Amino acid sequence: METVVRPGADVITADQLDPYLDFETEIDRLRRENNAVILAHYYQDPDIQDLADFVGDSLDLSRTAATTDADVIVFCGVRFMGEVAKILNPARTVLLPDADAGCSLEESCPPDEFRAFREKHPDHIAVTYINCSAEVKALSDVIVTSANAETIVRQLPADKPILFAPDQHLGNFVARQAGRDLTFWPGSCIVHDQFSERELIKLQSQHPEADVIAHPECMESILKHADHVGSTRSIIQYARDSHKQEFIVATEQHIIHEMMKQAPQKSFIPAPGADGTCNCASCPFMAMNTLEKLYLCMVNNAPRIEIPEDLRILAKKPLDKMLEMTPPAASPAQAAAE
Ligand code: 13P
Ligand code: SF4
């Protein structure tokens, strides 16, 4: 189901823009005039991260979107993140710079196939990673992010079987950590699937002092070499707080921008792909958002997330369950400032 209202025919387009326009200044003006807040994920281009009001992982971004009193949430991330903001805070306008900024995990899990998967396992609890469509959320019992998946699975009744979708690598990691058998949906992220164990081992031999820090969307062959596995926020904090000076980073490359801000004296090496060079893993969906598109969505009030109310109510239930089952942490704003 299309949850994005695309710009109409009468909007301002990129070719009409003054070539001397200063996007940063104009975005700032629109932010003030429209009482807007700009939220950005750590995988966004540094220029977008730098002008956002808040940069975070999926969990912190969801919490921030749920509680903001700004009239407009401009979501610099991928579509499912914008949908979560709208589901949790429907009175706000939610803008997305590029309507096509999807996610390979979301694509791997079409709602009709997920419904059939559930029907095949009627006695299972459906634990679903937040990287999925609003329709898949509506068919789930509880949503998780990479930051809270393990703690939520640990709280589920021991005698109940569990389905985990759509990321099999995160599911596998959680199953090992929590000591639970999970039945997986066979999805994975095209970005985190790129890392090569053989090349990682070579890189480690060239940097024997470096810690490997990895996102749990990586394959087990990568995670088993990691000194720390966690959500984007968690691996940034680990790098900042560790006594180590050098880190091999197995996740999307733009996270290194925040790592360098929080620990400027340390060095960060992107994990290698199969060709042995730094492929500098880049999410093609996150990369669709640019400063120009950010400016245009604020001018045009589109692309804009709109979710039918019956679907929104169904999708909100497992998201509320997630927030209920997530231990109170430092507020996202505090966490970012730590
Ligand atoms: P985080 O929730 O850790 O920020 O991850 C989101 C994501 O899409 C990773 O690919
Ligand atoms: Fe989706 Fe992977 Fe991009 Fe994250 S990095 S948004 S999981 S495609």
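Every number for a ligand or one of its atoms is a count from 1 in the order of the listing. Please read these numbers as outputs of a predicted model, since none were measured by experiment.
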Query raised in the report: Does the separation of the ring centres of Phe117 and His121 fall below 6.0 angstrom?
Result: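 Yes; His121 has its ring centre under 6.0 Å from that of Phe117.
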
Report task. Report the residue from Thr151, Thr145, Asn148 that forms a side chain to side chain donor-acceptor pair (under 3.5 Å) with Thr326. Result ->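 For Thr326, the side chain to side chain donor-acceptor pair (under 3.5 Å) test succeeds with only one of Thr151, Thr145, Asn148, which is Asn148.
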
How does [X] reach ligand 1, by side chain, by backbone, by both or by neither, if only non-hydrogen atoms under 4.0 Å count?
X      : value
Thr145 : neither
Tyr43  : side chain
Leu59  : neither

Can you say whether the rings of [X] and [Y] are parallel (under 30°), tilted (30 to 60°) or perpendicular (over 60°)?
X      : Y      : answer
Phe247 : Phe268 : parallel
Phe164 : Phe184 : perpendicular
His192 : Tyr43  : tilted

Requested in this report: Evaluate the criterion salt bridge (charged side-chain N to carboxylate O under 4.0 Å, His left out) for residue pair Asp22 and Arg29; output intermediate values, then yes/no.
Outcome: CA-CA 11 Å; Asp22 176 347; Arg29 177 182 62 76; over 6 Å; no

Requested in this report: Provide, to 0.1 Å, the distance between atom 3 (Fe) of ligand 2 and the closest protein heavy atom, together with that atom's residue and name.
Outcome: Cys283 SG, 2.4 Å

Query raised in the report: Which residue owns the protein heavy atom closest to atom 1 (Fe) of ligand 2, what's the atom, and how far is it?
Result: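 So the nearest neighbour among protein heavy atoms is Cys103 SG, 2.4 Å.
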
Report task. Could you tell me if any non-hydrogen atom of Glu252 lies under 4.0 Å from any atom of ligand 2? Result ->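 Flag not set, Glu252 not near ligand 2.
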
Report summary line: Separation between CD1 (Ile143) and NZ (Lys137), nearest 0.5 Å, reads 5.5 Å

Query raised in the report: Does the side chain of Glu246 pick up a donor-acceptor pair with the side chain of His207 at under 3.5 Å?
Result: yes

Find all atoms of ligand 1 within a distance of less than 4.0 Å from any non-hydrogen atom belonging to [X], and give their numbers and elements.
X      : answer
Asn131 : 7 (C), 8 (O)
His215 : 1 (P), 3 (O), 5 (O), 9 (C)
Ser231 : 3 (O)
His192 : 10 (O)
His41  : 1 (P), 4 (O), 5 (O), 6 (C)
Ser58  : 1 (P), 2 (O), 4 (O), 5 (O), 6 (C)

Query - Proximity winner for atom 10 (O) of ligand 1, if only heavy atoms of Glu252, Met286, Glu217 are counted - result: Glu217

Query raised in the report: For Ile190 and Phe285, what are the C-alpha separation, side-chain angles and deciding distance, and is it a side chain to side chain contact (heavy atoms under 4.5 Å, CB included)?
Result: CA-CA 11 Å; Ile190 51 166; Phe285 303 102; 4.0 Å; yes

Requested in this report: Specify whether an N/O/S atom of Cys189 falls short of 2.8 Å from atom 3 (Fe) of ligand 2.
Outcome: no

Query - Atoms in ligand 2 with a heavy atom of Leu105 nearer than 4.0 Å - result: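 Within the 4.0 Å cut-off of Leu105, ligand 2 contributes 7 (S).
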
Report task. Please could you name the atoms of ligand 2 that Glu217 approaches to less than 4.0 Å, counting only its heavy atoms? Result ->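 Under 4.0 Å from Glu217, ligand 2 has these atoms: 2 (Fe), 7 (S).
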
Query raised in the report: Stepwise, does the salt bridge (charged side-chain N to carboxylate O under 4.0 Å, His left out) test hold for Arg31 with Asp28?
Result: CA-CA 5 Å; Arg31 163 165 44 197; Asp28 212 32; 2.8 Å; yes

Query raised in the report: Tell me, do Val74 and Cys297 make a side-chain contact under 4.5 Å, heavy atoms counted?
Result: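 SC-SC contact between Val74 and Cys297 confirmed.
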
Query raised in the report: Hey, does Ser146 sit under 4.0 Å from ligand 1 if you only count heavy atoms?
Result: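 In this structure, Ser146 qualifies as a contact of ligand 1 - some heavy atom is under 4.0 Å.
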
